[in-house]
2 protein chains.
Amino acid sequence: MPATDTKSAIRREALRLFSERGFAAVSMRELAEAVGMHQGGIYNHFPSKQALLVDLMATHINALLEAHEAAMEEVQGPEAQLRAFVQNHVSYHLDYPKDVFLAYMELRSLDAVNRKDIVALRNRYEQSLRTILEEGRSRGLFRIDDAAVHARMLLSMLTGATTWYRDDGRLDRDAIVACHVRGAMQSVGLEVTEP
Amino acid sequence: MPATDTKSAIRREALRLFSERGFAAVSMRELAEAVGMHQGGIYNHFPSKQALLVDLMATHINALLEAHEAAMEEVQGPEAQLRAFVQNHVSYHLDYPKDVFLAYMELRSLDAVNRKDIVALRNRYEQSLRTILEEGRSRGLFRIDDAAVHARMLLSMLTGATTWYRDDGRLDRDAIVACHVRGAMQSVGLEVTEP
DNA sequence: CATAAATATGAATGATCGTTCATTCATATC
DNA sequence: GATATGAATGAACGATCATTCATATTTATG
């Protein structure tokens, strides 16, 4: 078995275990057992438990930013931009709920240096939503009290689905995305036409 | 010093440490040190670390339900009920951010029996919001796709403030509550008059 | 096939975990 | 003032933690 398979298996199981039970509550022994190897071997692929967490979180946040930038290309005007942002955000979050949950929950498990880097990336993402809201507000398109607060409100709202969405649930992915798009558009005071 | 002071000091420091760093990442030694006592003494007040967590979470969820029921008394009609729900929810969450964060994050640290009880209480709370949304939708007052999904969207949105609100922040408590009330009312398609 | 590099093993490291316990201490009751 | 009680101490328990390492095995390269 080539090395890269083991490494990605470690990533996959670590993502699953850390997101399910928390970084601190999962031991390297458990992780190794889940992968089907012995504890020492993990250190051939990742220098420490902390480095493994950083790898998972950085991979996620970079992938999210990449998807975001691709989704926002050539989309003009606050209303269309907000719609594109919400669609991409919710779609991505439903596709990678574990990655999202881990990045959200385990910031506090990072040491100071690593946390600073991840937070900077997250702030960049939040800032891009804030800019859309500011622009919509200053043009009189959006009716909101405060762009910064509203950006955070929306991010919380749109991210929450990761905690309860199931593939075999009552509503499919597109229906849930649609609920969120509508809720977000209406939250800034826009009218959404009935389907 | 009477015993009750020590017990509440343990509660206070446990709430702080568990919410800041996570239940699994805080040791009984650290907790004891934060309280200013030795590790063994905690067990005179709580039979186990798990029991301490259950105590904190049950206290919170019951207090939230109590505040909720008081806030909803004699409030009639979906629009007024939604407004009352949001106001109470956000106010309570800004007052007790650590309690909220702990109850939200550490469900997975509870054993099966305790988790079942807490989840049942939380579902009761979520159900009451869902009922308001269903009622508003069926009367044609709210424009939402799905009451269950919208209830969860709103709860995520309204709970998020606990993760970033600071007493010395740019906006005061009432302003933040107002942002959330407006965002929530508009999210169901209601018009909110400018202040 | 030989050799080197990468990877896996499994035991061992010292530290720390939640919990227990015999003991001491302070306070309240009779 | 003797005694009972709840609380705090501080050492100790076995278990488990992340990590290291010498060794064995597998894989890739000549």
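A note on names: the letters A, B, ... follow the listed sequences, proteins ahead of strands, and every chain is numbered from 1.
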In whole Å, I'd like the distance from the [atom1] atom of [X] to the [atom2] atom of [N].
X: A:Gln39; N: C:dA12; atom1: CD; atom2: P; value: 12 Å
X: A:Asp5; N: C:dT7; atom1: CG; atom2: C1'; value: 13 Å
X: B:Arg21; N: C:dT16; atom1: CZ; atom2: C1'; value: 14 Å
X: A:Lys7; N: C:dT7; atom1: NZ; atom2: P; value: 9 Å
X: A:Tyr43; N: D:dC21; atom1: OH; atom2: C1'; value: 13 Å
X: B:Gln50; N: C:dC17; atom1: CD; atom2: P; value: 18 Å
X: B:Ile42; N: D:dA7; atom1: CD1; atom2: P; value: 14 Å

### Query
What ring-ring contact (aromatic ring centres under 6.0 Å, His included) pairs are there with at least one residue in residues 126-174 of chain A, not counting sequence neighbours?
none
### Message
Strictly by ring-ring contact (aromatic ring centres under 6.0 Å, His included), give each pair with a member in residues 51-75 of chain A just once, sequence neighbours left out.
### Response
A:His60-A:Tyr92, A:His68-A:Phe85, A:His68-A:Tyr125
### B:Glu135 side chain to B:Thr131 side chain, donor-acceptor N/O pair below 3.5 angstrom
no
### Task
Look at the side chain of A:Asn44 and the base of C:dA6, then say whether one donor and one acceptor between them are separated by less than 3.5 Å.
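Side chain to base: no pair present.
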#### Entry: Presence of salt bridge, A:Glu79 and A:Arg139, under 4.0 angstrom
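Not counted as a salt bridge, because no side-chain N and carboxylate O are separated by less than 4.0 Å.
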Would you say a side-chain N or O of [X] is under 4.0 Å from OP1 or OP2 of [N]?
X: B:Thr6; N: D:dA8; answer: yes
X: A:His45; N: C:dA8; answer: yes
X: B:Ser48; N: C:dG18; answer: no

### Query
Which ones in residues 23-38 of chain B lie close to DNA chain D, meaning a heavy atom under 4.0 Å from one of its atoms?
B:Arg29, B:Met37, B:His38
### Query
Got a sec, which pairs hit salt bridge (charged side-chain N to carboxylate O under 4.0 Å, His left out) with one end in residues 39-62 of chain B, sequence neighbours left out?
B:Arg11-B:Asp55
Return all side-chain donor-acceptor pairs below 3.5 angstrom for residues 29-44 of chain B, not counting sequence neighbours, or 'none' if the list is empty.
residue: B:Arg29; atom: NE; partner: B:Gln39; partner atom: OE1; Å: 3.3
residue: B:Glu30; atom: OE1; partner: B:Arg21; partner atom: NH2; Å: 3.3
residue: B:Glu30; atom: OE1; partner: B:Ser27; partner atom: N; Å: 3.0
residue: B:Glu30; atom: OE1; partner: B:Ser27; partner atom: OG; Å: 3.4
residue: B:Glu30; atom: OE2; partner: B:Arg21; partner atom: NH2; Å: 2.2

### Query
Cluster partners of B:Met105, using ILVMFWY side-chain heavy atoms under 4.5 angstrom, listed by chain and number?
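Result for B:Met105 is A:Phe101, A:Tyr104, A:Met105, B:Phe101, B:Tyr104.
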